[in-house]
Amino acid sequence: MPESLLEKQIGDRLTRRKETVASAESCSGGLIAHRITNVAGSSAYFQGGVVTYSNQAKCDLLGVKKDSILAEGAVSDTVARQMAEGARARFLADWGVGVTGIAGPTGGTPEKPVGLVYVAVSGKAGTTVQRCMFNGNREEIKSQTANTALQMILEQLA
C-alpha cells in the first residue's frame, strides 16, 4: 500500500470512530508522527508524540519502568509495550504506538542485532507487540519501522 494512502486510511478511520492516537518513538526518530501529520486535518485525531531516545526520557516522559530496562534492555517487548501505553496515557489518546529498536549501523549485538525492532500498539482492549527483524541501512530500517507501526494501527482500527 502506498505510504500516503496508509496514513490517509488511518486518519479516515480515526475520524469516523471519533478516536485519537499518540506516538512514542525511539529508533524511528519521529517518522511515525511526521507521516501521520502529513495528512491535512490530522490535528483532529493526532494528540502528539515524543521521541524518547534515552532510557531516562523513556522513564520520565512515558512512565517506562527503569527495572524493565535494566532487566530486558531498552529494545524489548516490555519496553515497547510500556512506551505505547505511556503515550496513550500521557496524551489522553484512544490509541498509543510505541517503537524501540536498533537502526544501526552500530549498536547491535549477537543477541540484539541491527534491525531488531519492537512495535507496540495500545488501545482500550489491550496492547499488541510485534517483534521485527528489518534489513537495510539506517534510513531503510527507520522507514520499515514506521510502515509496520502504521500498518499495525490500521489493522487495529479495522
Side-chain angles (χ1 to χ4, degrees), residues 1-103 116-132 134 139 141-158:
M1 175 178 313
E3 290 180 3
S4 58
L5 182 58
L6 186 57
E7 291 94 36
K8 176 93 171 74
Q9 285 186 339
I10 289 169
D12 290 347
R13 289 183 189 180
L14 285 169
T15 299
R16 189 169 49 252
R17 294 167 64 132
K18 295 179 174 44
E19 293 179 344
T20 58
V21 65
S23 64
E25 303 181 59
S26 185
C27 66
S28 56
L31 186 56
I32 297 165
H34 169 74
R35 288 188 40 195
I36 291 172
T37 60
N38 268 346
V39 177
S42 56
S43 60
Y45 52 82
F46 185 70
Q47 295 290 83
V50 292
V51 177
T52 53
Y53 235 59
S54 74
N55 291 343
Q56 193 65 51
K58 288 174 180 67
C59 297
D60 292 348
L61 299 174
L62 298 169
V64 171
K65 295 179 179 81
K66 188 175 183 180
D67 289 346
S68 297
I69 293 173
L70 292 173
E72 300 179 43
V75 179
S76 65
D77 176 293
T78 301
V79 171
R81 179 181 304 275
Q82 290 177 17
M83 288 174 70
E85 292 168 354
R88 185 170 174 249
R90 297 288 189 259
F91 286 99
L92 304 175
D94 297 293
W95 297 94
V97 59
V99 297
T100 183
I102 305 165
L116 175 63
V117 175
Y118 290 90
V119 180
V121 175
S122 178
K124 60 186 161 216
T127 303
T128 302
V129 183
Q130 185 173 328
R131 180 187 190 274
C132 306
F134 297 127
E139 187 174 320
I141 291 170
K142 288 172 68 171
S143 179
Q144 291 170 77
T145 298
N147 286 340
T148 299
L150 293 167
Q151 189 64 49
M152 283 178 67
I153 294 167
L154 187 61
E155 289 168 5
Q156 292 291 318
L157 293 170

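Note that the structure is predicted; figures quoted are calculated from it, not measured. Along the sequence shown, the residues carry numbers beginning at 1.
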If you round to the nearest 0.5 Å, how far is [atom2] of [Y] from [atom1] of [X]?
X	Y	atom1	atom2	answer
Gln130	Thr148	CD	OG1	6.0 Å
Tyr118	Thr145	OH	OG1	13.0 Å
Lys124	Arg88	NZ	CZ	8.0 Å
Glu7	His34	CD	NE2	8.5 Å
Gln144	Ser28	CD	OG	12.5 Å
Lys66	Lys58	NZ	NZ	14.0 Å

Taking the side chain from [X] and the backbone from [Y], do they hold a donor-acceptor pair closer than 3.5 Å?
X	Y	answer
Glu25	Ile32	yes
Ser54	Ala57	yes
Arg81	Val129	no

So, for [X] and [Y], which heavy atoms are closest and what is the spacing to 0.1 Å?
X	Y	result
Met83	Thr100	SD-CB, 3.9 Å
Ala103	Cys27	CB-O, 4.3 Å
Ser143	Arg35	O-NH1, 4.1 Å
Val79	Gly73	CG2-O, 3.5 Å

Can you tell if the side chain of [X] reaches within under 4.5 Å of the side chain of [Y], non-hydrogen atoms only?
X	Y	result
Ile69	Val64	yes
Glu155	Thr128	no
Val97	Met152	no
Gln47	Asp94	no
Phe46	Ser23	yes
Val39	Tyr45	yes

Testing the 3.5 Å rule here: is there a donor-acceptor pair between the side chains of Ser68 and Gln82?
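There is such a pair between these side chains.
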Less than 4.0 angstrom from a charged side-chain N to a carboxylate O is my criterion; do Lys8 and Asp12 meet it?
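Answer for the salt bridge query: yes.
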Around Glu139, counting heavy atoms of other residues, nucleotides and ligands shown, do more than 12 lie under 6.0 Å from its CD?
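Result for CD/Glu139: open.
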Under the criterion side chain to side chain contact (heavy atoms under 4.5 Å, CB included), which of Ile153, Leu157, Ile10, Thr20 is the partner of Trp95?
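One option only clears the test, and that one is Leu157.
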Among Leu116, Asp77, Val119, Val117, exactly one meets side chain to side chain contact (heavy atoms under 4.5 Å, CB included) together with Arg131. Which residue is that?
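That would be Leu116.
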